[in-house]
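All values derive from a computational prediction rather than experimental measurement.
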Amino acid sequence: GSRPVVSERKQRRQNDGRVKAPLPGKVLRINVAAGDHVEAGQPVVTLSAMKMELVCEATITGTIEAINCQIDQIVAADDVLVVIRSSAEE
């Protein structure tokens with residue numbers, strides 16, 4: 001059967017290094033600090049939204065340039081939570 005390719009398409013669209021909130025929610029955990037090296041797919045922020053935990057993953061491999069959220073902060077859908085500078089740019 002056919003498998004959904006939404007996540008792949010979403011990943012491709014977001015490979016600019018910005019990790020965005022998929023839904024409005026509250027920041028539960030921040031798993032990285034500015035200057036940390038991350039691999040694409042590595043969990044960077046965990047949100048609580050609609051009684052679910054949503055793990056926001058690094059969109060690209062690189063270095064954490066900015067963290068634009070803090071624990072317990074309420075964020076809106078599409079808010080940029082973390083900015084990653086690509087390893088290719090360094």
Side-chain angles (χ1 to χ4, degrees):
S2 64
R3 294 189 6 242
V5 289
V6 173
S7 61
E8 270 180 42
R9 201 176 300 124
K10 198 182 285 180
Q11 222 94 41
R12 232 178 284 126
R13 197 176 66 229
Q14 292 186 341
N15 65 356
D16 61 357
R18 294 182 303 169
V19 179
K20 295 181 180 180
L23 295 167
K26 185 168 129 179
V27 178
L28 289 183
R29 278 187 298 283
I30 300 171
N31 304 321
V32 292
D36 284 2
H37 177 79
V38 292
E39 298 290 328
Q42 180 177 330
V44 289
V45 176
T46 304
L47 299 178
S48 171
M50 302 180 342
K51 300 185 180 174
M52 298 183 300
E53 283 195 10
L54 299 171
V55 177
C56 303
E57 299 174 339
T59 50
I60 59 172
T61 298
T63 305
I64 302 294
E65 194 165 80
I67 297 173
N68 300 329
C69 60
Q70 52 196 25
I71 291 172
D72 291 334
Q73 179 180 341
I74 303 298
V75 295
D78 286 334
D79 275 3
V80 177
L81 305 176
V82 176
V83 179
I84 303 165
R85 185 175 60 244
S86 170
S87 296
E89 293 174 17
E90 292 174 355

For the student: nearest non-hydrogen atoms of Ala49 and Gly25, plus distance: CB-CA, 4.2 Å
Arg18 versus Thr59, closest heavy-atom pair with distance: O-CG2, 3.6 Å
Of all heavy-atom pairs between Ile30 and Gln70, which one has the smallest distance, and what is that distance? CD1-CA, 3.7 Å
Assigning hydrophobic clusters by single linkage (Ile, Leu, Val, Met, Phe, Trp, Tyr; side-chain heavy-atom cutoff under 4.5 Å), is Ile74 placed with Val80? no
Transitively linked via ILVMFWY side-chain contacts under 4.5 Å: Val82 with Leu23? yes
Could you check Leu81 against Val75 for side chain to side chain contact (heavy atoms under 4.5 Å, CB included), going step by step and ending with a plain yes or no? CA-CA 8 Å; Leu81 305 176; Val75 295; 3.8 Å; yes
Any donor and acceptor pair, going by atom type alone, linking the side chain of Thr63 with main-chain N or O of Gly35 inside 3.5 Å? no
Partners passing side chain to side chain donor-acceptor pair (under 3.5 Å) against Gln73 (at least two apart in sequence or in another chain): none
Would you give the length of the straight line joining atom NZ of Lys26 to atom SG of Cys69, rounded to the nearest 0.5 angstrom? 13.5 Å
Same apolar cluster (I L V M F W Y, side chains within < 4.5 Å links), Val27/Leu54: yes
Which side chain to side chain donor-acceptor pair (under 3.5 Å) pairs, counting each pair once, include a residue from residues 45-54, with sequence neighbours left out? Arg29-Glu53
Should Glu57 and Val19 count as side-chain neighbours, where that means a heavy-atom distance under 4.5 Å? no
Scanning both residues in full, the closest heavy-atom pair of Val38 with Ala58 reads CG2-CB, 4.0 Å
Begin with the C-alpha distance, continue with both residues' side-chain angles, and end with the deciding distance and a verdict on side chain to side chain contact (heavy atoms under 4.5 Å, CB included) for Asp79 and Asn68. CA-CA 9 Å; Asp79 275 3; Asn68 300 329; over 6 Å; no
Restricting to non-hydrogen atoms, name the atom on Ile67 and the atom on Ala33 that form the minimum distance, rounded to 0.1 Å. CD1-CA, 3.7 Å
Would you name the heavy atoms of Pro22 and Cys56 that are closest together and state the gap between them? CD-SG, 3.8 Å
Contact between Leu47 and Leu28 at the side-chain level, heavy atoms closer than 4.5 Å - yes or no? no
Does Ile60 belong to the same Ile/Leu/Val/Met/Phe/Trp/Tyr cluster as Val55, with side-chain heavy atoms less than 4.5 Å apart forming each link? no
Using a cut-off of 6.0 Å, state whether more than 12 heavy atoms not belonging to Met52 lie near its atom CE. yes
CA sep, side-chain torsions, deciding dist, call: Thr61, His37, side chain to side chain contact (heavy atoms under 4.5 Å, CB included): CA-CA 8 Å; Thr61 298; His37 177 79; 3.8 Å; yes
